[in-house]
Amino acid sequence: MNLSSVILQNPFDLDATVSSGQFFRWRIQGEGYLIQHRENFFYVEHHNDILKYHTISGNMNDAEIRRFFGLDDNLDAIFQRWDSPFLQSVYRKYRGLRLIRQDPWECTVSFICSMASNIPRITRNIHTLAKRFGTVIQTPNGKIFRLPTPTQLARVSLANLYDTGVGFRAKYLYGLARNTPDFGSLQSMDYSEAKTVLLSVKGIGEKVADCILLFSLNHLGAFPVDTWIKKALQTWIFPGKTGSPAQLATEARNYFGENAGYAQQYLFHHARTTL
DNA sequence: CTCCAGGAGTATC
DNA sequence: GATACTCATGGA
C-alpha cells in the first residue's frame with residue numbers, strides 16, 4: 001500500500017477530529033482510520049506533522065484531504081481571540097481538533113438520525129441506511145455502501161424506512177428525500193438566510209440546521225445547542241444561566257463571534273469525555 | 001418495569 | 001414565546 005503524504009503546517013489531532021461526534025462514517029484500522037465520504041473510501045493515519053492517506057476507492061487527493069479535514073483553518077488564530085480561561089484550557093487539551101467539511105446531504109441524513117439518540121445508535125442507523133438502500137462499491141478491502149442519494153432514498157417506502165430502526169425519524173427522512181434543499185446555493189448565502197432554507201424542511205429544527213451549517217456548509221459561526229452543550233455552557237461559560245436552547249445558542253453566537261462553531265466543537269468534545 | 005436519549009412538530013394558552 | 005404532549009427504538 002503506497003501512502004500519499006500531506007505536510008501539516010498547523011496543529012492537527014486526527015483522533016479527536018474523527019471521534020468528536022461531528023462525523024459518523026469512520027472506523028479504526030491499524031494505526032489510523034478508514035473513512036467514507038461520498039463515493040470515496042480511504043485510509044488515513046497521522047504522525048506528527050505528516051498526514052498519510054491512501055485512496056482505496058474514489059479519487060481523494062491532497063486538496064480534497066485538506067478541504068475535508070479543515071487543514072487550512074488557523075486554529076491558533078481562531079482561539080487566540082477568545083479570552084475565556086476555561087476555553088483556553090480546553091483548547092490546550094484538544095489542540096488540533098478540526099471541523100470536518102463533510103457532504104451536506106450525508107450530513108443532513110446523519111443529523112436527522114441523531115435527534116434524541118446517541119452516537120453508537122446513530123452510527124448503526126446510518127450504516128443500515130447505506131447497506132439497504134445505497135450503491136454498493138467493490139473495493140480491495142471488500143464491499144462498502146454509499147449513503148443513498150436523494151433519488152435513491154425517495155424510492156424507499158415509509159414502511160421500509162421504519163424497518164431500519166430509525167424510529168420516528170423515518171417520516172422525516174421520507175419527507176427529506178422528496179424535499180431536498182439545494183445545498184450548493186446554501187454555501188454562498190449568509191448564515192441566517194441559509195438557516196431559514198434548512199428550517200423549511202420538516203424534521204430539521206434549530207439544532208440540526210446548525211449542525212448541517214457547521215459541519216458541511218462552512219458556516220463556522222453556527223453554534224448547535226444540544227443537551228450536552230447546554231450543560232457545558234451552563235457549567236463552564238455562562239454559569240447559572242437559564243433559557244431555551246435557542247436563547248443559549250444566540251447568546252453563544254454573540255459571545256464567540258464568527259468562529260463560534262469551533263468553540264462549540266471543543267466544548268462538546270470536552271463535555272462528552274468528562275461530564 | 002420505568003426512564004431517557006446530540007430534537008422537532010403540534011396544540012394550546 | 002412558553003409549556004406539554006407525542007413520536008419509535010434501544011439501552012440502562
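Proteins come first, then strands; the chains are lettered A, B, ... in the order of their sequence lines, and each starts at number 1.
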If you pin Asp226(A) and Leu199(A) to their nearest nucleotides in DNA chain B, which one's is more 5'? Asp226(A)
Test: Arg81(A) and Glu258(A) ion pair at under 4.0 Å: yes
What is the distance, rounded to the nearest whole Å, between atom CG of Leu198(A) and atom P of dA8(B)? 12 Å
Side-chain atoms of Glu206(A) come closest, of dA8(B), dG10(C), dC7(C), to dA8(B)
Distance, rounded to the nearest Å, where Lys207(A) contributes NZ and dG9(B) contributes C1': 17 Å
What does Ser110(A) touch in the nucleic acid at a heavy-atom separation under 4.0 angstrom: a base, only the sugar-phosphate, or nothing? nothing
For Arg124(A) and dA8(C), what is the distance between atoms CZ and P respectively, to the nearest whole Å? 18 Å
Any Lys171(A) side-chain N or O less than 4.0 Å from OP1/OP2 of dA8(C): yes
Determine the contact category for Ile112(A): base if any of its heavy atoms lies under 4.0 Å from a base atom, sugar-phosphate if only primed atoms, P, OP1 or OP2 are that close, otherwise nothing. nothing
Interatomic distance, Lys231(A) NZ vs dC4(B) C1' [rounded to whole Å]: 11 Å
Before accepting this row, confirm whether a basic side-chain N of the pair Asp73(A)/Arg101(A) lies closer than 4.0 Å to the acidic partner's carboxylate O. yes
If you look at every heavy atom in Glu39(A) and Ile137(A), which pair is closest and at what distance? O-CD1, 3.8 Å
According to a strict under-4.0 Å criterion, is Lys202(A) in side-chain N/O contact with OP1 or OP2 of dT10(B)? yes
Span that lies between the P atom of dA8(B) and that of dG11(C), in whole angstrom: 23 Å
Over all strands shown, is Val208(A) touching base, sugar-phosphate only, or nothing at heavy-atom distances under 4.0 angstrom? sugar-phosphate
OP1 or OP2 of dG1(C) less than 4.0 angstrom from a side-chain nitrogen or oxygen of Gln247(A), does that happen here? no
Starting at atom CZ of Arg272(A), determine the distance to atom P of dA5(B), rounded to an integer number of angstrom. 15 Å
Map Val201(A) and Trp228(A) onto DNA chain B by nearest heavy atom, then report which one ends up closer to the 5' terminus. Trp228(A)
With both distances under 3.5 Å as the test, what is the Watson-Crick or G-U wobble partner of dG7(B)? dC7(C)
Lys195(A) NZ to dG7(B) C1', in whole Å, measures 13 Å
When you measure from the side-chain N and O atoms of Arg169(A) to the phosphate of dA5(B), is any distance below 4.0 Å, counting only OP1 and OP2? no
Calculate the interatomic distance between Phe268(A) atom CZ and dG7(B) atom C1'; express it in whole Å. 14 Å
Is Tyr172(A) touching bases, backbone alone, or none of the nucleic acid, heavy atoms closer than 4.0 Å? sugar-phosphate
Write down the distance between CD1 (Ile119(A)) and C1' (dG10(C)), rounded to a whole number of angstrom. 16 Å
Quick check: closest heavy atoms across Leu87(A) and Ala263(A), and the distance to 0.1 Å? CD2-CB, 3.9 Å
Using 30° and 60° as the class boundaries, would you call the ring planes of Phe79(A) and Trp82(A) parallel, tilted or perpendicular? perpendicular
The answer to which of Asp163(A) and Ser244(A) contacts DNA chain C further toward the 5' end, by nearest nucleotide, is Ser244(A)
Closest heavy-atom pair and its distance - Leu75(A), Leu97(A): CD1-O, 3.8 Å
